[in-house]
Amino acid sequence: MDRTFVIVKPDGVERRLSGEILSRLERKGLSVVAAELRTISRETAEVHYGEHADKPFFGDLVSFITRSPSLLLVLEGPTETFKVVRTLMGATNPVDAAPGTIRGDLGIEMTENLIHGSDSPEAAKREISLFFPGLS
Ligand code: IDP
Ligand code: MG
C-alpha cells in the first residue's frame, strides 16, 4: 500500500468541515493510517513549508497554519496516493479549483484553502516522518 500525508488546515477545522473533507477522501477509497488533532508548532511549520521560506507570504502562511488545531492524517491507498489526494483537493487557489474538488466546492481564498496534501512520493515520506516520527 502507498501512503501520503494530509492536513485539514485550521480553517477547515474551524468551519467544522474536517468530517466532510475526510469523508470525501475515504469515499474515494483511501484508508486512515494515523489521525491527530494538533496545533502545529511554529518550528514544525517552518520546516514543513521550508520550500516557501523566501516567499513574501511565508510569515502569514506560518501564522495561519499554527493559529488553531489542524487534523493531521496519514492516508493509504493502492497506488499513487499523493496524486489521488491532489486531484481531490483541486488547484491551490480555490478561485481556480474545479467544481467537485474540495477547494473548488468549499473555499474561495488562497490563504484559507482548507487542505494540504504532499506533492510527491518523496514529500509524502518526508512529511510523514516530520509529523508522525513514531509511525513505522
Ligand atoms: P499547495 O498547497 O497546493 O501544494 P503550494 O504552492 O505548495 O500549494 O503553497 C503552499 C500553501 O501556501 C498554499 O496551500 C497556500 O495556502 C499558500 N500560498 C501559496 N501561494 C500563495 C500566495 O501567492 N499567496 C498567499 N498564500 C499562498
Ligand atoms: Mg505544496
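Just so you know, ligand 1 is whichever comes first in the structure, and atom 1 is the first atom listed for that ligand.
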Determine whether a donor-acceptor pair (N or O, by modelled atom type, separation under 3.5 Å) exists between the side chain of [X] and the backbone of [Y].
{"X": "Asp105", "Y": "Gly100", "result": "yes"}
{"X": "Arg3", "Y": "Glu76", "result": "no"}
{"X": "Thr101", "Y": "Leu88", "result": "no"}

Geometric cation-pi criterion, Arg38 with Phe132: 6.0 Å, 45°: yes
So is [X] close enough to ligand 1, meaning a heavy atom under 4.0 angstrom away?
{"X": "Arg103", "result": "yes"}
{"X": "Asn113", "result": "yes"}
{"X": "Arg86", "result": "yes"}
{"X": "Met110", "result": "yes"}

Plane angle bin for Phe131 and His48 - parallel if under 30°, tilted between 30 and 60°, otherwise perpendicular: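 Taking Phe131 first and then His48, their aromatic rings stand perpendicular (interplane angle over 60°).
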Polar contact flag, side-chain donor to acceptor under 3.5 angstrom, Ser118-Glu127: yes
Identify, for [atom], the protein heavy atom at the shortest distance, and state residue, atom and that distance.
{"atom": "atom 1 (P) of ligand 1", "value": "Thr92 OG1, 3.6 Å"}
{"atom": "atom 6 (O) of ligand 1", "value": "His52 CE1, 3.7 Å"}
{"atom": "atom 11 (C) of ligand 1", "value": "Leu61 CD1, 4.0 Å"}
{"atom": "atom 20 (N) of ligand 1", "value": "Phe57 CZ, 3.4 Å"}

Heteroatom proximity flag, Lys9 to ligand 1, N/O under 3.5 Å: yes
side-chain hydrogen bond (donor to acceptor under 3.5 Å, both in side chains) between Glu14 and Ser68, intermediate numbers included: CA-CA 8 Å; Glu14 289 164 6; Ser68 63; 2.6 Å; yes
